[in-house]
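Model, not experiment: these values are computed from the prediction. Every number for a ligand or one of its atoms is a count from 1 in the order of the listing.
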Amino acid sequence: MFIDKVRIHVKGGDGGAGCMSFRREAHVPKGGPDGGDGGHGGDVILEADASLSSLIDYRFKHHFKAQRGTHGKGSRMHGARGEDLILKVPVGTVVHEYFEDSKETGELIADLTHDQERVTVASGGRGGRGNTHFVTSTRRAPSFAELGEPSTEGWVELEMKLMADAALVGMPSAGKSSLISKMSAARPKIADYPFTTLVPNLGVCRSGDLSFVAADIPGLIEGASEGRGLGHEFLRHIERTALIVHVVDLTGDWEGRDPLSDYEIINRELALYADELAARPRIVVANKIDVAGTEEVCKKLAERVKADSIAAAGGNEFAPSPIDPKLYCISALTGEGVDGLKAAIATKVHELREAARDEIGEGVQYEHVWELKREKRDRHFDITPLGGGVWRVSGPQVERWVVQTDWENEEAIAFFQHRFKRAGIDQALEKAGAVDGDEIRILEMAFDFESAQTAEDIFGELDL
Ligand SMILES: Nc1nc2c(ncn2[C@@H]2O[C@H](COP(=O)(O)OP(=O)(O)OP(=O)(O)O)[C@@H](O)[C@H]2O)c(=O)[nH]1
Ligand SMILES: [Mg+2]
């Protein structure tokens, strides 16, 4: 089975708690506050890695957690930052949010198209601040510190779309795997029965100074565009490859077919699958020239390719055509003609890459866009009247604050209320009809409501 879509749960490390402590020295009876900050929790980061070709690593393990930050200590000793957890994924991995409850796929987080490109999928919580931060003109000895911020967590969906520069397509047993093994260090399974290749093999090919990644797609058959055979699953991978290398078996080996009709069937299946595939730049290869008696059909195919190239250029023989007018005659068995083919593919891929770079420019800021959306959603809160002067406030950020607050400590509670007010929640409650003395519930906590005005009177002096 080919694993190309997985869902994993990612959780950043929680922030370490800030420390509440005062300097104590033999000759200083009561020193100032010196509680250090908690360390930030680590992030979970996805990183594209060109040496990976599947998401198989995520098939059995689905939960990933970065390290938590350690707690702050006295003498202004800060807690250590939790280590980031870096998860390697193949280049060409598309990352979406995933909502486990509704089984729905959410926003696009990133499309990792370059080696070493990274995206943070779960942020670690910030470390709580130690009591040194809470000194004000009126509060010389703050006897509270923040707890660490809980991290963000959630499910993400990883989908791998093959990111090869050149895709080798053709009928089963045409010699696609044999060719990739001749062009690169890849050692795929090769056998004389159809559908030997079940998942694409990737190989890095070098020609002079140029290099490209080739993939052999499992054999296509008539009806592949409608789901026959194994090919359909893989046609969508070709959507992202710049160049199609169409391998035709001159011996028409499989089921005693005619190479020219094989050639037409594959062209038709690609076009039926997607119009863009019909117009995708293409190089046609005639394989197995080492087999006696293939010269005649090779010549016919060469004429046909030339004619198709001219047709694709709008009937103008001298205009550039997406189809290379030359038929590359090779033997993937003996290696004859393979170097010339490799050079042609490398040159073409290089040209296409340059053209694409001009068109789209560098670096799309997916992460930035997603972060903004996520932050907005994080700050969002809902107010639900439960009746009898009781209100529930829910939302990711406000709930994290509740978890982060030390409810045993009055000053910490005051700080929570200050945040609560700054986020405009009390105003929203008032607008919804809450009055002084009503009960506000957040998660498991319940406390009395104080209107914005009163709260300001009480907490206005806080310099936070
Ligand atoms: N004589 C000869 N045989 C070849 C050549 N290339 C491949 N073959 C043979 O053709 C058979 C199929 O080769 P593969 O490379 O497995 O073909 P494939 O296109 O990858 O096939 P699928 O993975 O099933 O789609 C094997 O027995 C190869 O040894 C060639 O140039 N000459
Ligand atoms: Mg194969």
Using a strict 4.0 Å cut-off to heavy atoms of [X], name the atoms of ligand 1 that fall inside it.
| X | value |
| --- | --- |
| G219 | 25 (O) |
| V291 | 1 (N) |
| F195 | 24 (O) |
| Y193 | 24 (O) |

Checking the side chain of [X] only, and the main-chain atoms of [Y] only, is there a donor and an acceptor separated by less than 3.5 Å?
| X | Y | answer |
| --- | --- | --- |
| W155 | T105 | no |
| D84 | I45 | no |
| T152 | S123 | yes |
| S184 | C205 | no |

State if P194 counts as touching ligand 1 under the rule of any non-hydrogen atom under 4.0 Å. yes

Selected option - heavy-atom contact closest to [atom], from [options]:
| atom | options | result |
| --- | --- | --- |
| atom 27 (O) of ligand 1 | D192, L168, I217, L179 | D192 |
| atom 2 (C) of ligand 1 | V338, D290, V169, I330 | D290 |
| atom 3 (N) of ligand 1 | K189, K182, K288, M171 | K288 |
| atom 11 (C) of ligand 1 | S178, G175, A191 | A191 |

Looking at I425, I442, L429, which hits side chain to side chain contact (heavy atoms under 4.5 Å, CB included) with F381? I425

Does N201 bring an N, O or S atom to within less than 2.8 Å of the Mg ion (ligand 2)? no

Do any of the N/O/S atoms of S173, backbone or side chain, fall under 2.8 Å from the Mg ion (ligand 2)? no

Check whether more than 12 heavy atoms from other residues, nucleotides or ligands sit under 6.0 Å from atom NZ of K189, and answer yes or no. no

Would the number of heavy atoms belonging to other residues, nucleotides or ligands and lying under 6.0 Å from CZ of R81 be above 12? yes

So which heavy atom on A191 is nearest to which on S173, and how close? O-OG, 4.4 Å

Polar contacts were defined as any N/O atom of the residue lying under 3.5 Å from an N/O atom of the ligand; does this apply to [X] and ligand 1?
| X | result |
| --- | --- |
| I289 | no |
| D216 | no |
| I190 | no |

After noting the C-alpha distance and the side-chain angles of H9 and F64, does the key distance pass the ring-ring contact (aromatic ring centres under 6.0 Å, His included) rule? CA-CA 6 Å; H9 184 264; F64 298 91; 9.7 Å; no

